[in-house]
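Below is one structure, written out as structure tokens; comments come after it.
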Amino acid sequence: MTAENVPAAGAEESIDSAAQDPAQDGESSATVSRLEDEGDVAADYLEELLDIADIDGDIDIEVRNGRTYISIVSEDPSSGSLNGLVGQDGEVLEALQELARLSVLTSTDNRSRLVLDIDGFREVRGKELRDIAADAVKKTKETGDEVALEPMSAYERKIVHDVVAELGSISESEGEGSGRHIVVSPADS
């Protein structure tokens, strides 16, 4: 696993000393190198964006589980200085993630599955999604009826599908575009 801080808007550069050997994660060094390159390209793009918008934030890059994870963090998360980059329900965050992926595609001719997080939004939202999934499974077990959830992004749907499967129920995505949502069903007996 690799982690590194890339300075944004005048922050100091540092490298995480807790970096691990990529072979421990079962990833080839060529794959890790490609993912690190993706992270560098995306971080450069995001750093320029932060500079243009005159927003202070540090960019952390981490490679794990075959993906590049990029986080933009503020020195004081309680200040809310990066809230505009998250937007309502993470809509701006999703758009920035797609722009970062496009910058990687343009520079490397490789599609990227990088995940962008801003001030821990995805961690908080992930907990909410796990709770939503658990509540839906509980309701389907109590009533025997299907439960339709609110529309969510592909990344969020993946989290919910995983939790529903862990809890022994069935989930399926339905709908299209921004209306795509999950329907949770009780497991067949």
Side-chain angles (χ1 to χ4, degrees), residues 1-53 55-75 77 82 85-87 90-130 133 152-167 171 173 180:
M1 184 177 345
T2 326
E4 129 181 36
N5 281 336
V6 176
E12 292 182 24
E13 183 173 351
S14 67
I15 296 179
D16 187 351
S17 60
Q20 297 177 359
D21 181 4
Q24 291 177 351
D25 291 335
E27 299 174 41
S28 73
S29 60
T31 299
V32 171
S33 178
R34 181 183 55 80
L35 293 172
E36 287 173 342
D37 290 345
E38 284 182 11
D40 290 340
V41 169
D44 288 346
Y45 174 81
L46 292 166
E47 183 177 4
E48 283 184 46
L49 185 108
L50 291 175
D51 286 343
I52 291 168
I55 297 173
D56 289 329
D58 291 330
I59 299 176
D60 296 330
I61 305 169
E62 184 177 0
V63 174
R64 68 177 188 273
N65 303 325
R67 275 197 179 190
T68 303
Y69 291 83
I70 299 177
S71 299
I72 301 175
V73 294
S74 63
E75 288 183 19
L82 299 177
L85 295 178
V86 173
E91 290 176 348
V92 176
L93 171 60
E94 290 294 329
L96 288 172
Q97 177 175 279
E98 287 307 310
L99 289 171
R101 287 176 173 178
L102 284 172
S103 74
V104 170
L105 178 62
T106 302
S107 295
T108 67
D109 289 330
N110 291 320
R111 291 193 182 276
S112 174
R113 297 183 329 132
L114 72 84
V115 175
L116 176 64
D117 189 15
I118 298 175
D119 261 354
F121 175 81
R122 289 209 191 269
E123 182 179 337
V124 171
R125 180 66 177 148
K127 183 182 178 334
E128 291 172 1
L129 291 169
R130 287 186 289 279
M152 54 187 73
S153 71
Y155 181 81
E156 292 177 334
R157 288 194 310 274
K158 170 76 167 101
I159 293 170
V160 172
H161 284 303
D162 289 348
V163 171
V164 169
E166 284 175 18
L167 296 174
S171 61
S173 291
R180 194 138 172 93

- Would V63 and T31 count as a side chain to side chain contact (heavy atoms under 4.5 Å, CB included) if you check the C-alpha gap in whole Å, the side-chain angles of each, and the deciding distance to 0.1 Å? CA-CA 10 Å; V63 174; T31 299; over 6 Å; no

- Task: Show the numbers, then the answer: is there a side chain to side chain contact (heavy atoms under 4.5 Å, CB included) between R157 and S171?
- Result: CA-CA 10 Å; R157 288 194 310 274; S171 61; over 6 Å; no

- Query: Are L35 and R67 close enough, and set up right, to give a side chain to side chain contact (heavy atoms under 4.5 Å, CB included), and what steps lead you there?
  - Reply: CA-CA 7 Å; L35 293 172; R67 275 197 179 190; 5.8 Å; no

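Partners of L167 under the side-chain contact (heavy atoms from CB on, under 4.5 Å) rule, at least two apart in sequence or in another chain, are A134, V137, V163. A search for salt bridge (charged side-chain N to carboxylate O under 4.0 Å, His left out) contacts involving E98 returns R101, not counting sequence neighbours. Among residues two or more places apart in sequence or in another chain, the side chain to side chain donor-acceptor pair (under 3.5 Å) test is passed with D162 by K158. With sequence neighbours left out, the side-chain contact (heavy atoms from CB on, under 4.5 Å) criterion links T108 to V41, V104, N110. Under the rule for a side-chain contact (heavy atoms from CB on, under 4.5 Å), the partners of A100 that lie at least two apart in sequence or sit in another chain are A42, L46, L114. The side chain to side chain donor-acceptor pair (under 3.5 Å) search around S112 returns E38, not counting sequence neighbours.
Contact annotation: the side chain of L49 approaches that of L96 to within less than 4.5 Å [non-hydrogen atoms, C-beta and beyond]. Taking the side chain as every heavy atom from C-beta outward, D56 and E75 never approach each other to under 4.5 Å. Side-chain contact check for I159 versus R130: some heavy-atom pair is nearer than 4.5 Å.
Here E62 contributes atom CD and T68 contributes atom OG1; the two are 10.0 Å apart, rounded to the nearest 0.5 Å. Taking OG of S103 as the reference point, atom CD of E48 lies at 9.5 Å (rounded to 0.5 Å). If you take CG on L85 and CD1 on I118, they are separated by 4.5 Å, rounding to the nearest 0.5 Å. Here the straight-line distance linking atom CD of E47 with atom CG of D58 works out to 10.0 Å at 0.5 Å rounding. Rounding to the nearest 0.5 Å places CG of L129 at 8.0 Å from OG of S153. For the atom pair CD1 of I72 and CD1 of I55, the computed distance is 8.5 Å after rounding to the nearest 0.5 Å.
Judged as a salt bridge (Lys or Arg N to Asp or Glu O under 4.0 Å), the pairs with a partner in residues 113-125 (not counting sequence neighbours) are, in order, E94-R122, R125-E128, R125-E156.
Closest approach of A133 to V164, counting heavy atoms only: CB-CG2, 4.1 Å.
Between the S33 side chain and the S29 main chain, no donor and acceptor come within less than 3.5 Å of each other.
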